Structure formats: structure tokens, C-alpha cells
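Here the structure comes first, spelled out in C-alpha cells, and everything after it is commentary.
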Amino acid sequence: MDHESHESHDMQHAGHGTDFARRFWICLALTGPVIAISPMPLELLGLPHIAFAGDRWVLLALATVIFGYGGVPFFGGFVAEMRQRRPGMMTLVTVGITTAYLYSAAVAWGLAGEPVYWELATLVDIMLLGHWIEMRSTMAASGALESLARLVPAEAHLLAADGAITDVASSSLQVGQIVLVRASERIPADGVVARGTSTVDESLLTGESTPVAKAAGDAAVAGSMNGSGALEVEVRRVGEDAFLAQVSRIVAEAQASKSRTQRLADTAAFVLTLVALGSGILTFAAWALLSDRPLAFVLERTVSVIVIACPHALGLAIPLVVAVTTALGARSGLLVRDRAAFEAARHVGAVIFDKTGTLTEGHFGIVETVAIAPVTEDEVVSLAAAVERGSEHPIAGAITAAATDALAAEEFEAVPGRGVRGRVDGRQVEVQSAASAHERFGSLPEAVRRLAKGGQTVAVVSVDGAVAGAIAVGDRVRPESADAVRRLKALGVRSVMLTGDSRDVAERVARELGIDEVHAEVLPERKAEVVRQLQAEGYVVAMTGDGVNDAPALASADVGIAIGAGTDVAVETADVVLVRSDPRDVVAVIDLSRRSYRKMLQNLAWAAGYNVVALPLAAGVLAGQGVLLSPAVGAALMAASTVVVAINARTLR
């Protein structure tokens with residue numbers, strides 16, 4: 001599998017994040033002396049500033065470093081936005097810090113006015129911090145393909161014609177070769193069982209919850225886990241034709257085609273850029289042409305307007321909410337990996353659930369027990385467990401794990417095609433399938449027949465030649481699943497089950513939970529198609545799953561939500577990870593997305609709304625009444641707006 005493009009993408013994001021962090025800390029360290037020497041900020045706090053001969057040149061030197069070093073990312077972004085003819089946040093920041101720097105430098109060289117070095121420094125600091133926070137929030141390492149590759153063992157036991165075994169790299173296997181797969185090993189390549197019998201756990205690959213019995217002629221999929229028997233597998237597919245390679249390709253395609261939401265801050269910055277530049281030009285022209293004020297006054301008005309428009313608060317309006325949302329989500333077991341997709345969760349109209357490991361617990365357990373009097377349900381389980389302790393079948397393990405009495409069986413015997421039997425406390429006990437029991441006993445009790453029709457695996461227990469009860473074994477539904485579906489319906493969200501498991505099992509679970517729509521026996525590539533079908537119907541789709549088979553659908557969905565206890569590939573492909581493996585947290589994701597979006601809108605209003613009042617005052621509309629905002633006062637108002645935005649973000653609960 002080719003990971004170069006994904007690794008390059010990750011390195012690029014990681015590099016940007018590290019660069020913003022480094023520039024932020026260096027500029028922040030230089031900002032301390034700038035504030036200490038500048039009169040305005042400390043006077044606002046009632047504190048004396050540090051004054052000494054030549055302090056204006058020290059300020060200019062410090063500001064030059066901050067402007068030149070800290071401004072580099074924004075200058076580059078400004079050039080890119082100009083090439084795209086789409087001015088946005090980078091343009092606005094560049095205009096703001098350049099205006100503040102040039103004006104302050106001119107004051108240092110003799111222009112009448114008050115420099116705004118501290119405004120320049122804090123603007124650079126806050127914008128670097130905002131972009132660093134944003135970069136960390138949106139960075140999503142594409143480890144999905146590497147996780148897929150790790151499912152395949154690095155080495156395979158190559159079996160020669162003379163029976164000799166040689167360990168070779170799995171990647172070197174060729175079609176037609178025979179490999180030995182020992183007990184509890186993963187199958188190294190797609191193929192067909194040539195010799196041996198065993199059960200194979202394919203749940204992480206196909207979604208099938210029940211370990212599948214394998215014998216000669218049965219297909220074997222690379223990455224699946226062999227059970228207790230040894231298998232000899234003839235390799236049939238390698239390289240790009242292999243199952244995992246196909247899943248990997250689907251994941252990569254879906255990730256590449258995933259759309260991104262338009263960031264609110266960019267739109268606001270675009271509008272504010274036009275307002276700032278337009279207001280600055282208009283202010284300069286009006287005072288220069290319509291008054292006899294000196295050039296220093298005209299420049300001060302123009303700088304005041306542009307400084308007022310500089311986005312201290314706008315730069316943090318979104319990242320602060322993102323940071324608070326991320327922290328709140330983490331404390332609640334919701335890990336946000338892709339912010340754009342998380343924001344889209346507020347529009348979700350359909351949630352697709354994988355069954356195995358998501359709505360269900362992902363392992364065998366007793367779902368229901370029936371007993372025929374005078375035998376009790378506990379006795380049915382205890383007697384069955386006593387004879388099943390000699391069996392290695394997964395169903396036997398589920399029954400013995402549920403037994404509370406440690407009864408022992410004598411004369412244990414496995415009857416081919418029938419089941420197991422033995423003598424327990426002097427009674428002859430036999431455990432067999434429903435079909436085998438029907439063949440032996442003819443008509444079964446009504447309670448047993450009902451259980452056999454429920455879509456689960458049923459073990460019929462007989463005592464001394466008479467049916468005593470039955471045990472339904474299956475993948476148990478999580479207690480929280482029904483509540484999750486119910487809450488989604490209350491929100492008007494459609495619930496869909498998408499599983500590779502059998503239709504009988506899937507429909508039983510769907511009926512129990514009240515699922516609106518069921519797609520069963522679905523292969524991984526088909527899961528992604530179902531997601532796209534729902535999207536074509538107009539739904540914003542969230543997909544929730546935990547297995548390799550869910551990865552293409554997770555990547556294709558508008559919002560991919562992985563159960564944290566699932567495989568690495570599911571987690572790495574998802575946009576949000578549910579740490580607690582609780583399907584109710586899907587509802588929490590939608591709710592948190594809606595509330596955080598409202599908070600973003602509020603912050604944007606606080607960040608930009610004050611301009612409605614401040615910009616006209618800075619331009620000198622009320623100069624005739626003696627009301628003028630200097631650049632320093634404008635900077636103070638901007639700082640106050642930043643504080644309001646920060647406090648408002650912290651009120652998100």
C-alpha cells in the first residue's frame with residue numbers, strides 16, 4: 001500500500017503547527033519588554049512604564065523583529081490570497097500589522113503621534129496563537145493505511161512441497177504458494193484453505209460477529225485471526241488485488257474527496273478586510289481633501305481606522321471555541337479529530353451504525369434462556385456448561401462463562417453432527433443445535449421453537465432424553481443502544497444499520513432497537529456506496545463503526561465517528577472518536593456541534609460587531625464634537641473585545 005502522499009500531508013501539517021508554535025513563543029518573549037516600555041498599556045492598568053534614553057529605538061528594534069519574524073506566515077498567506085483573488089484573514093492581518101509597524105516607525109523618526117508597538121506585538125502573538133490552536137485542532141494524521149497494513153503479519157510460514165517450513169516476509173508471497181497458519185496467528189495473505197480445519201475470527205474485516213468455521217476449499221482473508229486449529233492456505237491474491245489493499249484504496253479515495261466546510265472566520269475576515277481598506281482609504285481621502293488638518297492628523301485617523309479593524313478577537317473567535325469544545329469533548333469521551341466535519345455534525349440527518357461492536361458488544365454471550373419445568377433457567381445453563389467445558393467452540397465458551405455453578409461432566413463425548421454430551425450428577429445431558437434436536441425429538445416445545453426463530457444461534461439442552469430448555473447465544477446488544485436510537489429520533493435524525501452480519505441477526509437487532517433502516521450482509525465497498533446513496537438523497541450522514549470494514553464508510557461520510565475500543569484503522573479514518581464505546585455519545589456529538597457553532601457565531605459578533613461603532617469614531621465622524629479615537633485607544637478597545645471573546649468561549653458548557 002502506498003502511504004507517501006498521506007505521510008507528506010501529515011508532515012506538512014505537523015511542520016506548520018511546529019512553525020507557528022516556535023514563532024509564537026519567540027514573539028511572546030519579545031512582547032514582554034515591548035509592553036513594559038510602552039506607556040499606553042501600563043497606564044491603562046495604573047502602572048508606570050519603563051523609560052530610559054533611547055527607549056524608542058529599543059522599541060523599534062523589538063517591533064522590527066516581531067514584525068519580520070512573526071509576520072512571515074501571514075505575509076506568505078497574503079501573497080497566496082492575492083493570487084487567488086480572495087483576500088481573507090491573512091490579508092487583514094498583514095494590512096493591520098504593516099500599518100501599525102510603519103506608522104509607529106514613522107513616529108519614532110519624528111512624525112507627530114503615539115506609536116502602537118504593543119498593538120502590533122499583541123496582534124502578531126494572538127494571531128500566531130490562534131493559527132497554532134487551529135492547526136492542532138484540524139490536524140488529522142492519516143494513520144489509517146498504516147493500521148491496515150499492521151493487520152497483516154510481517155512474516156509468513158512458507159510451506160514447501162517436502163514439508164519444510166521457511167519464514168519469509170509476507171510481502172514476498174506469490175500466488176500459488178502454500179503458507180502454514182498456526183493457532184492464534186493472523187492469516188498473512190488472501191487465499192483458500194488447502195488443508196486443516198479451524199474457526200477464524202473475521203469480525204474486524206467483514207463485520208461477521210460469529211467466528212467462521214474453515215475447512216478445505218474455504219476462502220481465507222489476510223489479517224483475520226485463526227482460532228485453535230492449524231490451517232494450510234494457498235495464496236490467491238497479493239499486492240493491489242488483496243482485500244486489505246482494496247479497502248485501503250477505498251479509504252484513500254474517500255479521504256481525498258472529502259469536502260471541507262467554508263470557515264466562518266475566513267468569510268468574516270474577507271468582509272472586514274474590505275471594510276478596513278475601504279474605510280481607511282475613505283478616511284484618508286476625506287480628511288486630506290475636505291479639511292485643512294496636517295498630514296500627521298490625517299495619518300493618525302487612517303491608522304486608527306485600520307487598527308480598529310485589526311482582528312485580535314477575530315483571530316481567536318473560532319480557535320478559542322474549538323479549544324474549549326475539544327476540552328469539553330475530551331472530558332466527555334468525545335475526541336474531535338477533524339473540526340470541519342465536527343461542525344457539519346449539527347446538520348446530520350441520518351446516522352449509520354455498524355452493528356458488531358457498535359450497537360452490540362462484539363462478542364458472544366447468552367442472549368436468552370428458556371426452561372421446561374421442572375428444570376429452571378439457571379439449571380439449563382449450569383448443565384449445558386458442565387458438558388460444554390470440554391469443547392473449544394466459541395458458543396461453548398459463552399455458555400461456560402455465564403454459568404454460576406461449577407458442575408463437572410463425566411463420560412464427555414463430542415458427537416459428530418449432533419453436539420456434545422456427558423453425565424452430570426447422574427443425569428445424561430446433551431447439548432445440540434436446534435436443527436439436530438428437531439431431527440431427534442421431532443416436535444420441540446413452543447418456547448424452544450420461538451427461540452430458534454429469533455435469528456440467534458440456539459443450543460438445545462436435553463436431560464435424560466427429554467428437552468429441558470434452550471440457550472440463545474449471540475452478539476449481545478449494548479444496553480445503551482436503544483436509548484441512543486430513541487434520542488436520535490427525538491432530534492428528527494434517521495437511524496440506519498449497516499452490517500456484514502447475516503440478515504436474520506441484523507433484523508432481530510433492528511427490531512429490538514427500533515432502527516429505521518437495515519442493510520445486512522454488506523461488504524466494505526458496499527458500505528461506502530450506501531453512505532453515498534443517503535447523501536444523494538439529501539442527508540448529511542454520520543457513520544459510526546469500529547472495524548476495518550467500516551473504514552471506507554467512515555471516510556466517505558460527512559461525519560465519521562469511531563468507537564474508541566475499535567481498530568486503529570477505524571479510529572484513524574474517523575473525524576470523531578468515542579472513547580467510551582457508548583452509542584449515546586453519537587447524540588452528544590451532534591448536540592456539542594450545535595452548541596459550539598452557536599458560540600462561534602456569538603464570538604464572531606463580538607469580534608467584529610464593535611466596528612459598527614468604533615470605526616466611525618476612529619474615522620473622526622464626531623471630531624466636531626471633540627470625540628476622537630487615537631490608535632492607542634483603538635488598540636485598547638480591540639484588546640477589550642478580545643477579552644470578551646475569550647470569556648464568552650469559556651462559558652460553553
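Every value quoted in this text rests on a predicted model; they were computed, and no experiment measured them. We're numbering straight along the sequence, starting at 1.
The line from CG of Asp190 to CD of Glu234 is 12.5 Å long, rounded to the nearest 0.5 Å. With values rounded to the nearest 0.5 angstrom, Met225 atom CE is found 10.0 Å from Ile187 atom CD1. From Leu534, atom CG reaches atom OG of Ser556 across 12.0 Å, with rounding to the nearest 0.5 Å. Taking CG of Leu578 as the reference point, atom CD1 of Ile563 lies at 5.0 Å (rounded to 0.5 Å). The distance from the CD atom of Glu410 to the CZ atom of Arg423 is 8.5 Å, given to the nearest 0.5 Å. Considering CZ of Arg346 and CG of Leu592, their distance stands at 12.5 Å, rounded to 0.5 Å.
Glu411 and Arg421 are not joined by a salt bridge, as no carboxylate oxygen comes within less than 4.0 angstrom of a charged side-chain nitrogen. The residues Glu529 and Arg532 are annotated as not salt-bridged, no charged nitrogen and carboxylate oxygen being separated by less than 4.0 angstrom. Salt bridge absent: Arg594 and Asp591 never bring a charged side-chain N and a carboxylate O closer than 4.0 Å. Between Arg236 and Asp241 no salt bridge is recorded (no basic side-chain N to carboxylate O distance below 4.0 Å). A salt bridge links Arg508 with Glu512: at least one charged nitrogen is closer than 4.0 Å to a carboxylate oxygen. The pair Asp582-Arg584 meets the salt-bridge criterion, since a charged nitrogen lies less than 4.0 angstrom from a carboxylate oxygen.
In this structure a side-chain-to-backbone donor-acceptor pair under 3.5 Å is missing from Asp201 to Pro211. Distance alone, capped at 3.5 Å, is enough to place a donor-acceptor pair between the Thr360 side chain and the Lys355 backbone. Looking only at distances, a side-chain donor or acceptor of Thr400 sits under 3.5 Å from a matching main-chain atom of Ala396. At least one donor-acceptor pair under 3.5 Å links the side chain of Ser596 to the backbone N or O of Ser593. Between the side chain of Ser481 and the backbone N or O of Leu359 there is at least one donor-acceptor pair closer than 3.5 Å.
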TODO: For the pair His157 and Glu232, evaluate side chain to side chain contact (heavy atoms under 4.5 Å, CB included) and give the outcome as yes or no after the intermediate values.
DONE: CA-CA 10 Å; His157 310 305; Glu232 294 180 14; over 6 Å; no

TODO: Given side chain to side chain contact (heavy atoms under 4.5 Å, CB included), test Glu430 with Val420 step by step and report yes or no.
DONE: CA-CA 6 Å; Glu430 187 169 353; Val420 294; over 6 Å; no

TODO: Please report the C-alpha distance between Glu480 and Asp585 in whole Å, then the side-chain angles of each, then the deciding distance to 0.1 Å, and finally whether the side chain to side chain contact (heavy atoms under 4.5 Å, CB included) criterion is met.
DONE: CA-CA 10 Å; Glu480 310 88 1; Asp585 283 344; over 6 Å; no

Open item on the list: Run Phe342 and Val576 through side chain to side chain contact (heavy atoms under 4.5 Å, CB included) and show every step you take.
Closed with: CA-CA 7 Å; Phe342 173 73; Val576 181; 4.2 Å; yes

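In plain terms, the two heavy atoms of Val181 and Arg186 that are nearest each other are CG1-O, 4.2 Å. Heavy-atom minimum distance, Ala386 versus Val424: CB-CG2, 3.7 Å. A pairwise comparison of heavy atoms in Ala484 and Val587 identifies O-CG2, 3.8 Å as the closest pair. For the residue pair Ile366 and Arg476, the shortest heavy atom distance occurs at O-CD, 3.4 Å. When every heavy atom of Val380 is checked against every heavy atom of Val370, the shortest pair comes out as CG2-O, 4.1 Å. Considering all non-hydrogen atoms of both residues, Lys527 and Asp354 come closest at NZ-OD1, 3.4 Å.
Residues Arg526 and Val530 form a side-chain contact, since some pair of their non-hydrogen atoms from C-beta on lies under 4.5 Å apart. You'll find the side chain of Lys214 stays beyond 4.5 Å of the side chain of Asn226, heavy atoms only. Looking at Gln432 and Ser462, their side chains come closer than 4.5 Å, going by heavy atoms from C-beta outward. Between Glu517 and Arg494 the shortest side-chain heavy-atom distance falls below 4.5 Å. Within the 4.5 Å cutoff, side-chain heavy atoms of Gln535 are placed close to those of Asp558. Within the 4.5 Å cutoff, side-chain heavy atoms of Leu383 are placed close to those of Arg427. Proximity of Leu444 to Val467: side-chain heavy atoms (C-beta onward) are separated by under 4.5 Å at one or more points. A heavy-atom distance below 4.5 Å is found between the side chains of Leu231 and Val200.
Just one of Thr544, Leu513, Val496 meets the side-chain contact (heavy atoms from CB on, under 4.5 Å) condition when paired with Phe353; it is Thr544. Between Met543 and the choices Thr358, Val351, Ile561, Asp550, the side-chain contact (heavy atoms from CB on, under 4.5 Å) rule is met once, by Asp550. No option in Leu407, Val429, Ile399 other than Val429 meets the side-chain contact (heavy atoms from CB on, under 4.5 Å) test with Val387.
Atom CD of Glu439 sits in a sparse spot, with 12 or fewer heavy atoms from other residues, nucleotides or ligands closer than 6.0 Å.
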